[in-house]
Each structure stands twice: as C-alpha cells, then as structure tokens.
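For reference, positions follow the sequence shown, starting with 1.
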Amino acid sequence: MYQNFHYAVDAQHPFKPLYQGTFEETVTVGGKTRRYLVYIPEGARPSTAGVFILPENGKTADDLWRDSWWRMIADTEETKEKLILFFLEPQGGKWNVKEPYGDPNGDVAYINAVYLAGTQRFKFCVHESKFYLTGCREGGVLANMAAMYQPAVWAGVVSVGGAAVAEAYRKAAAADFCINLDGFEDETHRLGIKKGEIPMPAWIIDDPSYPQGADNGVADYWRAACGITEPGRQTEPDVMTYVRTQEVPYAPNQEKEAFRVCTSAIADASEAYANPLLRRIWKSFLYRQRRWMSGPGGDLRVTKDPVADLGMEYHYEEIGGWMREWYVYVPKQIKANLEKQVPLVFAMHGYTCSGEIYAGNSEWYKVADKHGFIVVHPSATPGQMLCANQACDPDNVPLPAWNFMHNAPDGPDELQFFRTMLEKTCAAHAIDRSRVYATGHSHGSVMTQVLAMAMTDVFAAAAPCSGILFQMPDMNIRALPEIVCRKDVQIPIWMFGGEQEAWLLPSVPTTENETGDSLRIWRGINHIAPEMPEDFTTGWTVHGRWHDLTYGREDGAPMVNFTWVDYMPHATMTEMSFRIWEEFFSKFARVDGKVRYLQK
C-alpha cells in the first residue's frame, strides 16, 4: 500500500518537495483549451494552502506572476504554510462578468476546472480545507461568482475593486440547491441546503478610484450566508468587520468567529494588483480560517498554528536514520502542576497530511484542555500509495503515509518511532503509563490498529476513525510478524466510519463485508463469543447523526464498538474527539498488563 516505488525520499530531508518553481498547465472548458500557471515555492510542504488569483481585464497569468507580490509572499511565509499559487487569466483578455448563472462553458466553469485540477496530487498537494480565492477588479467579480457557485469548497474569498456581481446571478446562486457539500454529493437534495446558506468568509475591498467595481450587494450576500445580523465594528482604520454571534449549526465542529465578513474602501487599492494589500489579504484574512470536511458544507474554524498560536512543543529529530517530526500539546493546568501524572493520547493523521493538519482538524487540544491530558501529534514521512481510489493515486508525488507494512525501501520503522516518542515524552513529562491511548484518521486509523495489536502492552484503548481492518494484499496488518506473534492480550477498540465513505469501508456492518469481519476479529481478540454475531441488526443506539454499536464483556466494559455517522464523508471532527475521550478513553487503564474498566 505504501512504497517509494517511483521516487526516492531523502531520509535527512523527507519533506523537501519533488517539484519546485513555475509550471504552465491547461484545462479544457467548452471544447477550448485554457491555460493557467502554478507556482510551487521552495520548501512547500504537503497539504499546504492554495490561493487562486484572478487578474483584472487585459492582464494575463504571466503578468500577474511577474508583477504581483504573491510569489514573494509564498516564498517568505514564516510558518510551514508555503502556499501554492494558481495564476488564472481571462480568455481573450476579458472576463465575462455578465455570464449567466450555471454556464457550463464560461469563466466560472474555467475556475472550477482549475480547482478540480488543483485537487490532484501529481506535483503538489493542497489540503482540501485550504483553498482560497482572490481577484482584482473584473477578476474580483469572477472570484465572488465562483465562490457563490461552489461555496463549500472554498475557505475564503477576497475581491479588490471588483464586487459588482449581477443581481440575477446572486439570486440564482442563493436559490440553487448545493449538491457539492464538501465531500458529500447531495444530488437528491436530501438535506435541502441552498448555496446561499453556505457560509463564506469574505473581504470586500472597494476602490473609490474604480467606482465601476463597487460592491452592489455582494457583502450583504455573504453576511446573509454567514448568518450575520449584528452591526459591524471597526477592527482596523480601514476595515469594518462583521462576525456571527449566534451559535453555529454544528458546534463544536464550527466556530462562529470564522463566520466573518469584512468590508473596506481603500483608495487606489486595485492599482498595481493591490500589492501593498497582499500580505494583509493572505495573513490577516485568508489564512485565518479553514473549511474542514465533515459536516454538510464543511466546518469553518479559525486557523491556529500549533506552535505560534497553541504553544505546542515542536520536535524534529533523527530516529532510526530518518528525520521525524511530532508536536506535543501540554495544557496550562498540567504546566502548573508538573508532578501530577496525566494520561497521554497519540493522535495520527491520514495520508497526505501531517501532525499540524491533524491538530487543527481533530482539535484534540481542546479535549486535552478540558480534561487535563497530553496529546502527541506525529507526522508520517512521505511515500507513495500504490493503489487508486478517491483518496490516492499511484502517480501522486510522495506524500506522508505511515510505513506500517515495512514495504517502503529503506523506509522508517514506525514502531521504533512510536516507542522513541513515548520514552521522550515520558522523560519530559509526568505520564501515567497505565493511561496511554492511540487514535487516528484514515491511514492513521490503520497505524492506530497496528499499535493496538503490536504494542498492546503500551495502550489502554484505541480509536481508529475512518478505518477498519482492511484485508487487501498490501494492507493486511494481521500478516505482520510482530502481530502474528502477538500475545493474547485484550484491548478496547472503537471504530468509526462515515455514511459517505462507502468507497473505502461499508458504513453498516454485515456478516459478509469488511466492517463486519473487522468487528469479528476484534471480538475474538477481546474474547467476546461468538466471534461473528448472527447478524448486525440489533444492539444499535441512535442519537442525532451517530449510530453506535457496542459489545461489552461481563463487567459491562465496552470492549468492541463501531459507529457510523450520517452524511459524513471521509473525515473526522472535533465532536468525535470529545466522544472518544469522554465516553471511551477516560473509562480504561492498563494495570499489570490487563485492561481495567474505570467507570461502569
């Protein structure tokens, strides 16, 4: 499943991008070939941000690439967010700002086509939570039009001197059902969500010297989409900010502070591609929120850098000949009482991602703050997944993937990595070794189950999300020598799956599918007889989106659990992290090698 078959990865510089520089690309729209440029800065990491930049009429992608400051911003970004830039251009030098809504051959279709190309991972990887739009003058109009047409895939839009979207277009977009709900294709309008109901962080910058591009209702459109009814406040001398104050629909997975619309009127802002504003556009606005996949339409939350914003410890050290990366989050109450032993959670990201991504996606730090434990977010090293599905392609550039099958040539030893992280964390902090837990998403969920089977003596419980015991030839972890010879030791398990990820795992277990067989295997490991139930139709509890199935032992301990979540794509979310701790991890300890149930 994981191999460096096509490309070699430097063990001393594993995150160095394979491709750097500028690349000319094309898409076909309406039978016509249209071009754009992609800029990959030196040091760009996997799963970074992607900014789509649309110039005014009469300018090309080359003009924008040469004259704007965007490349400088990408090159000098001080965090690990060395953003990927997409420079688009109008056909024949002129954007069609009056094109009808839904034109399959128009400029919005061109932007959508470039977006779809940008989701591929053949030269780079933009994380799905970090796609942004910005444009100048007529390009700003098209940026807003594209955001209105596909609101669930963009995490923010900024227009400079260009917010005059036709009223008919705005009305048509607002009334149209949103099919693409960020990983959930609602083709039957099951949820009945309109595009005008999808929140969009937006900054509308008018240029009084260019009155023909003045806002004609676009800011109001985005405020309505964000559910903002309160007056704005002056947050900077030239910025009025409007933020939602009512509770958001899917708390805690969304943060109302990210439901933000700003307006400005800045003289000559659209001159010279708004260069004096570009750093502010990126750092003060676009970067400040991400649209995480999980809820319908995505979950908007404020961006928090693990180190700069959350104060996490950052480690980048050589282990087993490979430079390895991990983040450690220590809540303030633990720092105030360093002698008290506390639990430890290892939380692993999925394919293409990193510890930084999973820290923001899962928000385990919020759970740790509430309940007082330490979280470790490790990063996998890049490799290739030699299979094809919605999540991966054999032709992808090397992207972070866990080497649990040991089939990456000269690849890292993951068990050595985790044992080393454990010992280093225990040496630096007072860890209760009876209460160490593992969880992870997707490829990280398989890594979680490898740890649960191969290092059972270490972990008190495990919670793999969007992952079962896959038994494809290249991912049969039960064939690993360290698992074949494992001792007969029990470990509580809680597996999760989304209704919308049937391409990977069946959301409802049966006696004939992999999900049911995974439950059989874990029931056997935990001595629950019979291993395979006669059927899986009984024993369910349903509350909201959650469908829970639990199998307990004699003392009531929930040893084998499975949950599938309504209309959830291949994703994780904050609420899941809270449930895993509060309803599961907090109930178990491993004492003298045996699982102790702490609370009935």
Is it true that [X] and [Y] make a salt bridge, defined as a side-chain N closer than 4.0 Å to a carboxylate O?
| X | Y | value |
| --- | --- | --- |
| Glu25 | Arg35 | no |
| Arg45 | Glu81 | no |
| Arg290 | Glu128 | no |
| Arg260 | Glu255 | no |
| Asp107 | Arg34 | yes |

Going by distance alone, is a donor N or O of one side chain under 3.5 Å from an acceptor N or O of the other, for [X] and [Y]?
| X | Y | value |
| --- | --- | --- |
| Thr245 | Glu230 | yes |
| Asn144 | Tyr221 | no |
| His127 | Thr352 | no |
| Thr22 | Trp65 | yes |
| Glu325 | Tyr314 | yes |
| Asp238 | Ser264 | no |
| His349 | Ser354 | no |

Taking Asp176 as the fixed residue, which of Lys194, Lys171, Lys195 is the one that meets the salt bridge (charged side-chain N to carboxylate O under 4.0 Å, His left out) rule?
Lys195
With a 6.0 Å cut-off on ring centres, are Tyr19 and Phe124 close enough?
no
Quick check: Tyr149 with Tyr101 (ring centres under 6.0 Å apart)?
yes
Take Tyr169 and Glu167 through the test side-chain hydrogen bond (donor to acceptor under 3.5 Å, both in side chains) and record every step on the way to the result.
CA-CA 5 Å; Tyr169 190 99; Glu167 182 180 9; over 6 Å; no
Do the ring planes of [X] and [Y] sit parallel (below 30°), tilted (30 to 60°) or perpendicular (above 60°)?
| X | Y | value |
| --- | --- | --- |
| Tyr358 | His377 | perpendicular |
| Tyr132 | Trp282 | perpendicular |
| Tyr567 | Phe184 | parallel |
| Trp326 | His315 | parallel |
| Tyr316 | Phe15 | tilted |

Test: Arg291 cationic atom under 6.0 Å from Trp154 six-membered ring centre, within 45° of axis
no
Cationic tip of Lys283 within the cone over Tyr287's six-membered ring, i.e. under 6.0 Å and within 45° of the normal?
yes
